[in-house]
There are 2 protein chains.
Amino acid sequence: MKTRPTARDRIMEAAEVVFAEKGYHDTAMDEIVRRTDMSKGGLYFHFPSKERLFFAVMDHLGNRLAERINASIAQESDAIARLEIALTTVLESLGKRRRLAKLLLVQGYSMGNAFEKKRIETYSRFASLIKDNLDLAVEEGSIPPIDTEIVSHLWVGAVNEVLIRWLYTGKPAPVKEALPVLKKILLRGVGVEAKVSIGG
Amino acid sequence: MKTRPTARDRIMEAAEVVFAEKGYHDTAMDEIVRRTDMSKGGLYFHFPSKERLFFAVMDHLGNRLAERINASIAQESDAIARLEIALTTVLESLGKRRRLAKLLLVQGYSMGNAFEKKRIETYSRFASLIKDNLDLAVEEGSIPPIDTEIVSHLWVGAVNEVLIRWLYTGKPAPVKEALPVLKKILLRGVGVEAKVSIGG
DNA sequence: CCCGACCGACCGACTGGTCGGTATGATGAA
DNA sequence: TTCATCATACCGACCAGTCGGTCGGTCGGG
């Protein structure tokens, strides 16, 4: 089905690069246009506004990440293993794509209040993915009952911050190095006893 | 000892309100001026630029929070108790000052990349506060050895996200309700066995 | 000859920062 | 006491650059 990328896709690719580098406000539509083989009018034929273009890019990236997580999760049946592999997937995926990480985790905010809704949407989505598996783990009896709603956000926040620190300071290099600690602390936090882990 | 607040302070107060409400980029200097009994020229006599004004406000708030934490921490000697009370103080302080929380945690992002440095600075400060006490706890033997560098950022991220979720969705109301869960999960994560906690 | 896709010069709203000017009070010489 | 002088604090109309978005027009295929 895929021939040459559609104009829409080409625009989004260019937008992704510039938005990630400069953030929302410091990005001029003219710059995105410059990176495209298209004119401003042409771009505006495909996207009605800067805001919508930005959202489209964010959605796209969010979807890709979510898909990757879901794919990796699907290979495991027990909840704890799923949680572990989800953490791994996020750290690996974003760890090897600095630009995407920055856009997804940081630049999104740069819109100001208009972004509030999207940010809730995006983060909640990943939080509920975690929540589902925490709930499952509780049902399975692998971990004691907890407030999975809050804990899932706690996890998202924890991972988010570790990634942001890496984005800004470069430490740890590579981020993946933080994975064992992250797993150990988060899992122990919900009551999983230490054990020999499977993946590095 | 309180006379009339200095012009500088009056400007910062006005700025705080507007920045918190609209975020950096969507705030016009003219609006801050409007909220002051001062003219634009007068404002620019005290602050050289919008950016500097914003940073001044952020620093001020950061300091206040840090002071409050330090004061509460000083009352405890054992490291675990300090960590607990630090968590409590943050949740309470920001929980009862939504506006400040929003400004401190969210609104800076709309500055774009200029905010990077300040964000590292601010978050690292709180992270190392946590790190110090985690290190202490390890020394004391209250918890097993861990990578306190990463874990401290994990904590900051966790608390940050819980607060942001509250800012955006209002849940839990009040945020303080998340405190027991936060304490329990984070402390258990670093290896503190469950016990009867003192504070609610 | 119509229409979707695209072009790019242009518009106008907005905003950070400036600058010539003013009010007030301190200083100090006559 | 008085008045010239000067610095500080403050005023607000104005400017110049920026940028999202528009619109009249082009063009090729069906």
Side-chain angles (χ1 to χ4, degrees), chain A residues 1-59 103 107-118, chain B residues 3-58 103 107-115 117-118:
Chain A
M1 268 137 274
K2 279 287 167 65
T3 59
R4 173 135 183 270
T6 65
R8 228 187 117 83
D9 288 338
R10 277 177 288 139
I11 293 168
M12 282 178 62
E13 260 169 53
E16 184 189 303
V17 175
V18 186
F19 278 138
E21 192 179 315
K22 308 237 186 161
Y24 182 78
H25 282 298
D26 291 345
T27 292
M29 290 300 268
D30 283 336
E31 170 126 20
I32 296 177
V33 168
R34 218 173 300 137
R35 300 242 190 172
T36 309
D37 54 352
M38 200 168 280
S39 69
K40 204 167 181 180
L43 189 159
Y44 271 89
F45 179 78
H46 292 283
F47 294 91
S49 69
K50 185 184 184 183
E51 188 174 304
R52 290 289 200 82
L53 172 57
F54 186 72
F55 284 158
V57 172
M58 295 291 286
D59 281 340
L103 184 41
Q107 304 295 31
Y109 285 97
S110 65
M111 275 196 65
N113 295 337
F115 188 66
E116 281 196 11
K117 214 178 145 192
K118 184 112 282 175
Chain B
T3 61
R4 176 128 181 277
T6 66
R8 229 187 117 82
D9 289 339
R10 278 177 288 138
I11 293 167
M12 282 178 63
E13 259 169 55
E16 184 188 303
V17 175
V18 186
F19 279 138
E21 192 179 315
K22 308 237 185 161
Y24 181 79
H25 189 271
D26 290 346
T27 291
M29 290 301 267
D30 283 336
E31 169 125 20
I32 296 178
V33 168
R34 218 173 299 137
R35 300 244 192 173
T36 310
D37 53 354
M38 200 168 279
S39 69
K40 203 168 182 178
L43 189 157
Y44 270 90
F45 179 79
H46 293 282
F47 294 92
S49 68
K50 185 184 184 183
E51 187 175 304
R52 290 288 200 82
L53 173 57
F54 185 74
F55 284 155
V57 172
M58 294 289 287
L103 183 41
Q107 300 296 35
Y109 283 93
S110 67
M111 275 195 69
N113 295 337
F115 186 62
K117 216 177 145 192
K118 184 108 280 177

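The model shown is predicted, which means the values in this text are computed figures rather than measured ones. Here is the naming used below: chain letters follow the sequence lines, and residue numbers restart at 1 for every chain.
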Compare the minimum distances between each of C:dC7, C:dT18, D:dG20 and the side chain of A:M38, then state the nucleotide with the smallest one. C:dC7

Taking atom P of C:dC6 as reference, at what distance in whole Å does atom CD1 of A:I11 sit? 8 Å

5' precedence on DNA chain C between B:Y44 and A:G41 (nearest-nucleotide basis): A:G41

Quick one: which residue pairs count as a side-chain hydrogen bond (donor to acceptor under 3.5 Å, both in side chains) with a foot in residues 38-58 of chain B, not counting sequence neighbours? B:D30-B:K40

B:K40 has an atom NZ; how far is it from atom C1' of D:dC14, in whole Å? 10 Å

A:R10 CZ to C:dA5 C1', in whole Å, measures 11 Å

When the distance from CG of A:L53 to C1' of D:dC19 is rounded to whole Å, what number comes out? 15 Å

B:A56 versus B:R8, closest heavy-atom pair with distance: CB-NH2, 4.4 Å

To the nearest Å, how far apart are B:R52 CZ and C:dG17 C1'? 15 Å

Which of these, B:F19, B:Y24, B:F115, B:F54, sits in a ring pair (Phe, Tyr, Trp, His ring centres under 6.0 Å) with B:Y109? B:F115

N/O (side chain, A:S39) to phosphate O (OP1/OP2, C:dG8) under 4.0 Å: no

Give the minimum heavy-atom separation between A:I11 and A:M38, together with the two atoms involved. CD1-SD, 3.8 Å

Whole angstrom value for the distance that separates P of D:dT18 from NZ of A:K22: 12 Å

Whole-Å distance, B:D26 CG to C:dT15 P, equals 9 Å

Is B:T27 touching bases, backbone alone, or none of the nucleic acid, heavy atoms closer than 4.0 Å? sugar-phosphate

Nearest-angstrom distance from the residue atom CZ of B:F45 to P of D:dA7: 13 Å

Under 4.0 Å: is that the gap between some side-chain N or O of B:H46 and OP1 or OP2 of D:dC10? yes

